[in-house]
Amino acid sequence: MYNSGCCSRSQIHSIRCQRETIIQLAAEMFVGQGIKAVRMDDIARHIGVSKRTIYEQFGDKEELLYQCLSYYVREQDRRHAELGAQAKNVLEAMLLVFGDVMDKAEISHRLQSNLRRFYPKVYERLVAERRNRDGLEQFKIALSRGVEEGYFQGIVNFDLAITLLRYSVEGLIVRKDVLLSHNMSTNEALVFLVVNFLRGISTEKGMRLIDDFLEKQNGKK
């Protein structure tokens, strides 16, 4: 790691810019090619820096991998915030975000599987951080807003509903070989699961919006 005490401000800025560039480009490689397939030599060659420079910046592959996947998660969160800002109401925002999550479900599953198998410490570190970011609490807030806007039923136990959805999605992804028929993709099954979850807690107003949204999505295919 670099020692900022012996560097000028311009040098520190240059080092930080280089570090950010390495993270961004290496993240693209990990996501696109797979964690196990990408070697430090490949990253150095692709970015155009020496392998020594990467080790000086990050210490080892595990730390670089952690920084890259943290960056990837932040970028997904930023995209979801942008999608939510485009929506006319909370239910449409949820549908847009869920659609994006479903589109990347296969990539997310591959990354998580490889992390659990080859880099368990990085996996546990990312899971712990994600848990502490109160994503489920934000989901509950969105559901409560949906009740206020008339899209969701007010009698639903949201804690139980969220728990059931979470374990259903995780179970489907992990055991897709058992749960899915040969003519259904994981993405199709996840869409079915999430849409039916939302329909199950929706009012008539909410169900009309869901049906309209799905009709528009099918028209784009």
Side-chain angles (χ1 to χ4, degrees), residues 20 22-40 42-43 46 54 58-84 93-140 142-143 159-182 184-198:
E20 291 171 2
I22 292 172
I23 289 172
Q24 291 173 16
L25 295 179
E28 292 176 4
M29 294 181 71
F30 285 130
V31 172
Q33 301 176 33
I35 291 170
K36 191 64 176 175
V38 177
R39 303 172 304 167
M40 296 292 270
D42 300 324
I43 295 170
H46 176 70
I54 297 177
F58 300 96
D60 55 29
K61 184 178 178 179
E62 285 204 1
E63 180 61 23
L64 173 61
L65 181 58
Y66 165 75
Q67 295 295 337
C68 288
L69 294 183
S70 293
Y71 165 78
Y72 177 74
V73 169
R74 290 195 302 273
E75 285 298 294
Q76 296 307 302
D77 289 343
R78 181 188 59 77
R79 173 169 170 75
H80 294 163
E82 290 178 353
L83 289 171
M94 292 172 69
L95 289 167
L96 289 170
V97 171
F98 274 132
D100 190 70
V101 171
M102 296 305 109
D103 288 342
K104 296 179 176 61
E106 293 288 352
I107 293 175
S108 297
H109 175 55
R110 173 166 50 80
L111 289 173
Q112 289 182 35
S113 296
N114 286 342
L115 276 178
R116 278 198 303 264
R117 182 177 179 184
F118 301 113
Y119 299 95
K121 291 182 180 179
V122 177
Y123 174 78
E124 292 298 332
R125 188 176 173 186
L126 289 167
V127 167
E129 289 184 0
R130 194 69 177 174
R131 191 181 298 123
N132 291 334
R133 293 172 70 184
D134 292 327
L136 293 180
E137 191 61 33
Q138 293 174 12
F139 190 22
K140 284 171 59 178
L143 292 174
D159 287 314
L160 177 59
I162 291 171
T163 299
L164 291 173
L165 176 64
R166 176 184 176 186
Y167 283 109
S168 296
V169 170
E170 289 178 356
L172 180 60
I173 292 174
V174 173
R175 298 305 308 274
K176 62 181 180 179
D177 56 325
V178 175
L179 298 175
L180 295 184
S181 62
H182 294 298
M184 176 175 280
S185 68
T186 304
N187 191 56
E188 289 172 330
L190 287 170
V191 170
F192 176 83
L193 182 63
V194 170
V195 167
N196 278 278
F197 165 78
L198 291 175

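Throughout, numbering of the chain's residues begins at 1 and tracks the sequence.
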Note to self: Does Arg78 form a salt bridge (charged side-chain N to carboxylate O under 4.0 Å, His left out) with Glu82? I'd like the steps, not just the answer.
What the structure shows: CA-CA 6 Å; Arg78 181 188 59 77; Glu82 290 178 353; 2.7 Å; yes
Next item on the list: Supply the atom-to-atom distance Leu165 CG to Phe98 CZ, rounded to the nearest 0.5 angstrom.
Entry: 5.5 Å
Notebook entry, point to check: If you measure from CG on Asn114 to OH on Tyr119, what distance do you get to the nearest 0.5 Å?
Noted result: 9.5 Å
Checklist line | Check: Gln76 and Asp100 side chains under 4.5 Å, non-hydrogen atoms | finding: yes
Note to self: Quick one, Tyr66 and Lys121 - any side-chain contact, counting heavy atoms below 4.5 Å?
What the structure shows: no
Note to self: What I'd like to find out is whether the side chain of Leu64 reaches to under 4.5 Å of the side chain of Met40, using heavy atoms alone.
What the structure shows: yes
Notebook entry, point to check: What distance separates Asp60 CG from Ile54 CD1, expressed to the nearest 0.5 Å?
Noted result: 12.0 Å
Listed pairs under 3.5 Å, donor-acceptor, residues 27-35 side chains, sequence neighbours left out:
none

Notebook entry, point to check: Between CD1 of Ile107 and NE2 of His109, what distance do you get to the nearest 0.5 Å?
Noted result: 12.5 Å
Notebook entry, point to check: With a 4.5 Å limit on heavy-atom distance, are the side chains of Leu115 and Leu65 in contact?
Noted result: yes
Next item on the list: Measure the shortest side-chain to side-chain distance between Met94 and Leu143 over non-hydrogen atoms and say whether it is less than 4.5 angstrom.
Entry: yes
Notebook entry, point to check: What distance separates Gln24 CD from Tyr71 OH, expressed to the nearest 0.5 Å?
Noted result: 4.0 Å
Margin query: Checking Asp103 now: which residues fulfil side-chain contact (heavy atoms from CB on, under 4.5 Å) with it, not counting sequence neighbours?
Written below: Asn187
Note to self: Applying side-chain contact (heavy atoms from CB on, under 4.5 Å), can you list everything that pairs with Gln67, at least two apart in sequence or on another chain?
What the structure shows: Arg19, Ile23, Phe58, Glu63
Notebook entry, point to check: With under 30° as parallel and over 60° as perpendicular, where do the rings of Phe197 and Phe139 fit, or are they tilted in between?
Noted result: tilted
